[in-house]
S.K.: 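The following block contains the structure, expressed as structure tokens.
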Amino acid sequence: MKAEAQALKGHLEVLLLAALEDGPRHGYAVKEALRDGSGGRFDLPTGTIYPALHRLEEAGLITGSWSTVDGRRRRTYHLTAQGLRRLHADRSNWHGFAAAVTALLERKPWPATT
Amino acid sequence: MASHHLIDAYLARLAARLPAHVVDELADGLIETCQRQLAHGLPPDTAARTAIAEFGTADRIAGEFVAQAPGRRTARLLLATGPAVGACWGISLIAAKVWTWSVPVTVGVGYAVALLSVIAVLLAAATSRHSYRRTRLGTAGALALAVLDASMLAAVVLLAPAVAWPMAAAIPASLGRIGYAIHSLPHVRTS
């Protein structure tokens with residue numbers, strides 16, 4: 001799981017955007033969405049989610065608002081229009097990338113070189 | 001769960017290093033994590049320890065926030081571009097024969113001292129790895145640099161007998177830096 005968390009680093013931001021696609025969530029709910037959505041494989045340290053959310057907010061891809069829940073201040077994030085566009089673009093790139101890697105990893109004869 | 005001494009101590013470590021609004025947000029997440037452990041039937045002490053372990057170390061979390069702090073980024077950008085802007089002004093002042101301007105030596109020395117002080121402040125912000133408070137010096141340094149840029153522009157307008165051609169690069173560079181300093185002023189999160 002730790003190795004997967006490391007491998008996830010470069011993809012964390014797009015996964016956070018995806019976790020917010022269905023509606024607003026606060027930090028802990030985003031972490032749970034990542035864990036549950038990956039069947040438990042991506043169970044990141046909760047604290048690492050928050051700096052990444054702040055980076056996304058500063059980039060204008062998500063925006064947060066404060067509320068009070070059980071006497072605690074809670075910051076809930078939702079996707080901006082720019083964030084949604086980025087998610088669609090990154091998702092499309094990922095599909096192309098994953099299809100290429102899958103094609104190469106399939107057991108089949110490699111093209112002959114001349 | 002209202003509170004637990006382990007959770008409180010962990011949050012106190014974060015509060016010593018991070019802004020209050022960040023700590024509020026982290027506290028909400030940590031307490032949610034702890035409540036989840038309690039709901040799984042763990043006793044309070046174990047739930048608090050498990051929640052803290054799941055959350056990550058305070059050093060790591062604070063370090064990530066410090067690394068991406070706006071003041072630190074501002075300071076790094078200004079230090080990276082500073083030599084080029086300084087070179088533009090150096091060439092400009094030589095071309096404009098600054099030694100012939102009617103500027104008292106003490107003013108020139110004072111300007112140099114102020115510039116070196118601003119560089120030191122920016123270096124302190126840019127190299128901060130553990131203290132968010134220190135990164136805020138980046139914004140202060142940017143504003144001080146803007147004042148120095150404005151002073152230099154005023155000196156050119158008021159004292160330079162003629163405009164030297166290298167100023168065509170130096171003046172826009174200073175104006176850009178002033179604009180960047182204003183843009184980098186922190187936004188207060190109230191909503």
Side-chain angles (χ1 to χ4, degrees), chain A residues 1-6 8-10 12-13 15-16 19-20 24-36 38 40-80, chain B residues 1-3 7-8 10-11 13-15 17-40 48 50-74 132 135 183-184 186-191:
Chain A
M1 189 138 51
K2 295 296 176 198
E4 279 174 353
Q6 194 63 27
L8 200 58
K9 253 189 165 179
L12 177 59
E13 296 189 351
L15 293 179
L16 295 180
L20 294 171
R25 293 182 202 269
H26 57 89
Y28 185 72
V30 168
K31 169 240 168 44
E32 286 210 310
L34 284 185
R35 187 192 61 200
D36 296 345
S38 65
R41 295 188 71 152
F42 300 155
D43 194 7
L44 298 172
T46 311
T48 62
I49 297 288
Y50 293 91
L53 287 170
H54 281 232
R55 283 197 298 277
L56 290 175
E57 186 173 21
E58 198 168 338
L61 301 175
I62 64 175
T63 185
S65 58
W66 289 104
S67 59
T68 301
V69 178
D70 295 336
R72 302 193 303 270
R73 292 183 80 212
R74 169 167 293 171
R75 192 156 181 84
T76 302
Y77 296 93
H78 63 83
L79 276 182
T80 62
Chain B
M1 177 174 181
S3 154
I7 299 283
D8 291 345
Y10 180 92
L11 291 174
R13 285 202 297 280
L14 289 174
R17 296 166 59 178
L18 294 173
H21 71 272
V22 173
V23 178
D24 283 351
E25 188 179 1
L26 292 170
D28 178 50
L30 182 56
I31 292 168
E32 281 278 315
T33 310
C34 192
Q35 284 176 339
R36 175 58 59 98
Q37 302 303 326
L38 288 169
H40 287 163
T50 306
I52 289 169
E54 186 182 315
F55 213 72
T57 66
D59 278 351
R60 178 180 176 183
I61 295 167
E64 283 201 41
F65 275 106
V66 169
Q68 66 189 48
R72 187 174 187 264
R73 196 170 50 244
T74 297
Y132 199 94
T135 68
H183 176 74
S184 71
H187 303 284
V188 179
R189 272 188 182 151
T190 55
S191 60

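Note that the coordinates shown come from a computational prediction; the quantities given were computed from them, not determined experimentally. All chains are named by letter (A, B, ...) in the order of the sequence lines, taking the proteins before the strands, and each is independently numbered beginning at 1.
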S.K.: Which heavy atom in A:H26 sits nearest to a heavy atom in B:D28, and how many Å separate them?
M.R.: ND1-OD2, 4.2 Å
S.K.: Is a side-chain donor or acceptor of B:Q68 paired with a backbone partner of A:P51 at a separation under 3.5 angstrom?
M.R.: yes
S.K.: Given A:T46, which of B:I52, B:T33, B:I61, B:L26 fulfils the side-chain contact (heavy atoms from CB on, under 4.5 Å) condition?
M.R.: B:T33
S.K.: On the 0 to 90° scale, with breaks at 30° and 60°, tag the B:H21-A:W66 ring pair as parallel, tilted or perpendicular.
M.R.: perpendicular
S.K.: Only one of A:R75, A:R73, A:R72 forms a salt bridge (charged side-chain N to carboxylate O under 4.0 Å, His left out) with B:D24, so which one is it?
M.R.: A:R73
S.K.: Looking at every heavy atom in both A:Y50 and B:F55, which two are closest together, and how far apart are they?
M.R.: CE1-CZ, 3.8 Å
S.K.: Quick test of your reading of the model: are B:E54 and A:K31 salt-bridged, counting only N-O distances below 4.0 Å?
M.R.: yes
S.K.: Any side-chain heavy atom of B:E64 within less than 4.5 Å of one from A:H54?
M.R.: no
